[in-house]
Amino acid sequence: MRAIRYHGREDARLEDIPEPSPKPGEVKLRVLYNGICGSDLHEYYHGPLMSMTRPHPLTGVQNPVVLGHEFCGEVVELGKGVDDLKIGDLIAVEPVQTCGVCHWCRAGQYNHCPRPAIHGYSREGGGLAEFTVVLRSMAHKLPQGVSAQQGALVEPMAVSYHAIARAYPKPGQTIAVHGGGPIGVGAFLALRALGDIRVIISEPSAERRAILSRLGAEYLLDPRSVNVVEAIHDLTDGRGADASIEAAGVAPAFKAALASTAPMGHLVVVAMHMEPFQFNALSLLAGEVNITGSKTYCNDYPAVIDLMARGAYSPDGWVTTIPMEGFIDRGIVPLHQQRATKIMVDVAGTAGS
Ligand SMILES: [Zn+2]
Ligand SMILES: [Zn+2]
C-alpha cells in the first residue's frame with residue numbers, strides 16, 4: 001500500500017509498504033482523509049520532535065514512521081474480540097495510546113501520561129497510508145450525517161475544544177482568540193456553537209482573516225495594523241475580554257492576550273511556543289488573570305462529535321484537499337507560508353493513483 005513515511009528532517013517520502021492486519025482488540029481502517037497539522041510542520045522542518053530516534057517505550061516504534069494523526073477512515077476488518085463495530089462504520093481516530101498504569105492514566109487525565117505513543121509519530125502506522133490499524137479504544141464511531149472530511153477534523157477540533165473548556169466560557173461573555181489558524185478557527189466555531197458568546201479574533205494573515213470572515217466571524221483584528229489591546233478594550237467598555245485563547249505561539253500574541261484579558265479572567269495558551277520570551281509579571285498582580293495551558297484533549301471527542309452532528313463544524317470555506325503526491329509541495333509548504341488554514345490529504349481518493 002502507499003504511505004507517506006517520515007525518515008528525518010525535511011525527508012518525508014511516498015513509499016510502498018506492507019498492508020497491516022489487526023491483532024486482537026484492534027480495528028483496521030481504510031483511511032479516507034488525513035489533515036496536516038502544525039505539529040507535522042514542526043516535525044518536518046525542525047524534527048525529529050514527536051517521532052522517535054530510538055524505540056518508543058510503549059510501542060517499540062522508531063523512525064521511519066508513517067505520518068498522519070488527524071484522520072477518518074472506514075472499518076474494513078475487526079480484530080478478535082471487537083464486536084461493537086461493523087464493517088463500513090465511519091471512524092474518527094483519537095491517535096493516542098497511553099500507558100494505562102501511571103497516576104494520570106488511573107485518574108482519567110490521560111493527556112498527562114508521561115509516555116504517550118501517538119499514531120502518526122510513535123505507533124505502528126499513521127493516517128497518511130491507505131490502511132492503518134488502531135486500538136478499539138482509539139476509534140470513535142461517527143453518527144449519521146457526519147462526513148468523512150468532518151471526521152478528519154475531530155482531532156484538531158478536540159484540541160480547540162479542550163482549550164476553550166479551560167477558559168470556562170459562559171453566555172453573554174466576550175472571548176478573544178489570538179491566532180486564526182486551524183486551532184483558532186476551531187475555538188471560534190465551538191464558541192459560536194455554544195451560543196451567545198461574542199468572539200474577537202486577532203490574526204495577521206489577510207488570507208486567514210478572509211477565511212474567518214467567510215465563516216461568519218464579525219470581530220476580526222489585524223495585529224499588524226491595529227493596537228489589539230486597545231481594540232479589545234474598546235469593544236468591551238474598557239473591561240477587556242472575559243477570557244482569551246492564545247493560539248498563535250508568538251510572544252506578541254501572548255502579551256496582547258494578557259494585557260487585554262479582564263481582571264480575574266482566563267488566559268489559555270494552546271499554541272506551541274518554540275521560543276522562550278519575557279513578560280512583566282507585575283501585570284498579573286494588576287489583573288489577577290488566571291494563566292493556564294491546554295494540552296491536547298482528554299475525553300473531548302464525544303463533545304466535539306456531538307457538536308459536529310448538530311452542524312457546528314462545516315469544512316466549507318476553510319478546508320482544502322490535495323492528493324497524496326502533493327503532501328510536501330501542496331501541503332507542508334503552503335501551510336508553512338500560512339497561505340492556507342487546513343489542508344487534508346484525500347488518501348482514499350488518490351490511493352491507487
Ligand atoms: Zn494535530
Ligand atoms: Zn499513563
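This is a predicted model, so every value here is computed, not measured. Just so you know, ligand 1 is whichever comes first in the structure, and atom 1 is the first atom listed for that ligand.
- Here the N, O or S atom of His69 that is nearest to the Zn ion (ligand 1) is NE2.
- Draw a line from the Zn ion (ligand 2) to SG of Cys113 and another to SG of Cys99, and the angle between them is 100° (to 10°).
- One finds an angle of 80° at the Zn ion (ligand 1) between OE2 on Glu70 and SG on Cys37, to the nearest 10 degrees.
- Other members of the hydrophobic cluster containing Phe254, listed by chain and number, are Leu258, Leu267, Val269, Phe277, Phe279, Leu284, Val289, Ile291; membership follows side-chain contacts under 4.5 Å among ILVMFWY residues, whether direct or relayed.
- Under a hydrophobic-cluster definition in which Ile, Leu, Val, Met, Phe, Trp and Tyr are linked whenever side-chain heavy atoms come within less than 4.5 Å, directly or via other members, Ile232 and Tyr219 are assigned to the same cluster.
- Angle subtended at the Zn ion (ligand 2) by Cys102 SG and Cys105 SG: 110°, rounded to 10 degrees.
- Across all their heavy atoms, Val66 and Leu128 have their closest contact at CG1-O, 3.6 Å.
- With ring centers used as reference points, Phe71 lies under 6.0 Å from His119.
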